[in-house]
S.K.: 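Okay, here's the structure, questions in a sec.
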Amino acid sequence: MGDNIPTNVYESMFAKSDSTDVCLIIKEDESQPAKKSRKLTASSDVTTSPVLTRKMYVNRATLSSRSTVFQSMFAASPDSTEFTINDAKYDELAAVLSVNEPTPIDPTEENVEGILRLAERFMLLDATRYMESFISRSGWDDKKKSELSKKFNLKNLSERRD
């Protein structure tokens, strides 16, 4: 997904506008191997991962109506307009939040699990349902579909397969 869709698609979908009132600051997962760099210290070699920070502009009320996690986050700091999201990949979070956009960002076999984890983490049931539908329509083999169904407790996907 991230490699197939230009960054400007994400940025335009989640750009600052008259309808956005909150900025999500995404700090990319530090465990991404592609982003690791080696630093030498006096005592030993240490591998560190730089943190990539990106922004997404969203509507507080819309996101709160779809997720009790976001609702609680926003209620805890009602005057804040910036919220940090750690341990999430920007493109996966964009895919999760795009579910309610006119043109949702489709997952790939490589990032479907990350998207499902974020949908679960933020209790975005619309995103989980979208993913179930997407997976059931995909050309992926039954083994892959079954593994995802079990791992993420995708009841609708299990029912479709039975």
Side-chain angles (χ1 to χ4, degrees), residues 1-37 47-138 140 144 148-149 151-157:
M1 174 192 319
D3 296 335
N4 300 335
I5 297 176
T7 301
N8 60 357
V9 171
Y10 299 125
E11 290 170 353
S12 65
M13 187 177 283
F14 296 101
K16 190 173 188 173
S17 72
D18 291 340
S19 65
T20 62
D21 57 356
V22 171
C23 177
L24 300 179
I25 300 170
I26 294 82
K27 295 203 174 184
E28 292 262 356
D29 183 1
E30 294 181 43
S31 65
Q32 296 176 27
K35 299 192 189 301
K36 288 190 177 183
S37 62
T47 302
T48 61
S49 300
V51 176
L52 179 61
T53 303
R54 313 252 320 260
K55 294 181 178 184
M56 298 174 82
Y57 294 91
V58 297
N59 182 279
R60 177 189 309 255
T62 301
L63 209 45
S64 291
S65 71
R66 295 191 174 111
S67 163
T68 56
V69 174
F70 281 111
Q71 181 181 40
S72 296
M73 181 190 310
F74 298 150
S77 301
D79 296 329
S80 183
T81 58
E82 290 189 348
F83 296 86
T84 301
I85 307 291
N86 292 309
D87 300 325
K89 292 183 180 179
Y90 179 82
D91 64 325
E92 292 173 354
L93 186 58
V96 169
L97 297 181
S98 77
V99 166
N100 297 105
E101 296 294 320
T103 310
I105 299 168
D106 285 337
T108 63
E109 196 164 351
E110 290 77 30
N111 67 13
V112 68
E113 289 190 41
I115 293 169
L116 283 165
R117 268 193 296 282
L118 289 173
E120 186 176 81
R121 174 180 167 188
F122 292 108
M123 298 178 69
L124 289 158
L125 299 178
D126 289 345
T128 301
R129 283 189 214 106
Y130 178 82
M131 293 298 295
E132 285 178 312
S133 176
F134 181 85
I135 292 165
S136 72
R137 293 186 325 267
S138 76
W140 300 340
K144 176 74 174 176
L148 291 169
S149 178
K151 187 171 187 175
F152 294 98
N153 195 26
L154 304 175
K155 292 181 177 127
N156 292 333
L157 184 58

S.K.: Does Phe74 have any ring pair (Phe, Tyr, Trp, His ring centres under 6.0 Å) partners at least two apart in sequence or in another chain, and if so, which?
M.R.: Phe70, Phe83
S.K.: Give a yes or no on whether the backbone of Thr62 and the side-chain of Ser65 come within a donor-acceptor separation of less than 3.5 Å.
M.R.: yes
S.K.: Does CE belonging to Met123 count more than 12 external heavy atoms closer than 6.0 Å?
M.R.: no
S.K.: Can you find a side-chain donor-acceptor pair between Arg137 and Ser133 that sits under 3.5 Å?
M.R.: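 Side-chain D/A pair, Arg137 to Ser133: present.
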S.K.: Where do Ile85 and Ala88 come nearest, in terms of heavy atoms and distance?
M.R.: CG2-CB, 3.9 Å
S.K.: Can you find a heavy atom in the side chain of Ile26 that is under 4.5 Å from one in the side chain of Met56?
M.R.: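 Contact flag for Ile26/Met56 side chains = yes.
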S.K.: Rounded to the nearest 0.5 Å, what separates atom CG in Leu93 from atom CG in Asp87?
M.R.: 12.0 Å
S.K.: Please assess Ile105 against Leu97 for the test side-chain contact (heavy atoms from CB on, under 4.5 Å), listing each intermediate value before the final yes or no.
M.R.: CA-CA 9 Å; Ile105 299 168; Leu97 297 181; over 6 Å; no
S.K.: Does the side chain of Asn153 come within less than 4.5 Å of Glu120's, by heavy atoms?
M.R.: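 The answer is no; the side chains never approach within 4.5 Å.
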S.K.: Within the structure provided, determine whether Phe134 and Asp106 are in side-chain contact (heavy-atom separation under 4.5 Å).
M.R.: yes
S.K.: Could you check whether any side-chain heavy atom of Tyr130 comes within less than 4.5 Å of a side-chain heavy atom of Asn100, counting everything from C-beta outward?
M.R.: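 Sidechains of Asn100 and Tyr130: no contact.
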S.K.: Working to the nearest 0.5 Å, report the span between NZ of Lys155 and OG of Ser149.
M.R.: 10.0 Å
S.K.: Thr84 side chain to Ile25 main-chain N or O, any donor-acceptor pair under 3.5 Å?
M.R.: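 No; zero donor-acceptor contacts below 3.5 Å.
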S.K.: Hey, are the side chains of Arg54 and Asp91 touching, using non-hydrogen atoms and a 4.5 Å cut-off?
M.R.: no
S.K.: How far apart are the closest heavy atoms of Ala15 and Thr20, and which atoms are they?
M.R.: O-CG2, 3.8 Å
S.K.: Between Glu113 and Lys151, does any side-chain N to carboxylate O distance fall below 4.0 Å?
M.R.: yes
S.K.: Would you say Lys144 has more than 12 foreign heavy atoms packed within less than 6.0 Å of its NZ?
M.R.: yes
S.K.: Test side-chain contact (heavy atoms from CB on, under 4.5 Å) on Val112 and Leu116 and set out the steps.
M.R.: CA-CA 6 Å; Val112 68; Leu116 283 165; 4.1 Å; yes
S.K.: Heavy atoms, side chains only, cut-off 4.5 Å: are Glu109 and Leu148 in contact?
M.R.: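 A side-chain contact under 4.5 Å is absent here.
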S.K.: Show the nearest heavy-atom pair for residues Leu124 and Arg66, with the distance to one decimal.
M.R.: CD2-O, 3.8 Å
S.K.: Considering non-hydrogen atoms only, spot the tightest contact between Arg60 and Ser77 and give its length.
M.R.: NH1-O, 3.9 Å
S.K.: Where is the tightest heavy-atom contact between Ile115 and Ala95, given as atom of each residue plus distance?
M.R.: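 That would be CD1-CB, 3.7 Å.
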S.K.: What's the separation between atom CZ in Arg129 and atom CG in Leu154, rounded to the nearest 0.5 Å?
M.R.: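 The CZ atom of Arg129 sits 12.0 Å away from the CG atom of Leu154.
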S.K.: For residues Lys89 and Leu118, report the shortest heavy-atom separation together with the two atoms involved.
M.R.: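 Heavy atoms only, the tightest pair is O-CD1, 4.4 Å.
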S.K.: Is there side-chain contact between Val22 and Glu82, with at least one heavy-atom pair below 4.5 Å?
M.R.: no
S.K.: Should Tyr90 and Glu11 count as side-chain neighbours, where that means a heavy-atom distance under 4.5 Å?
M.R.: yes
S.K.: Quick one: does Thr53's side chain have a donor or acceptor within less than 3.5 Å of a partner on Lys27's backbone?
M.R.: no
S.K.: With rounding to the nearest 0.5 Å, note down the distance linking CE in Met131 to OG in Ser136.
M.R.: 11.0 Å
S.K.: Is there a donor-acceptor pair closer than 3.5 Å between any side-chain N or O of Asn111 and the backbone N or O of Glu92?
M.R.: no
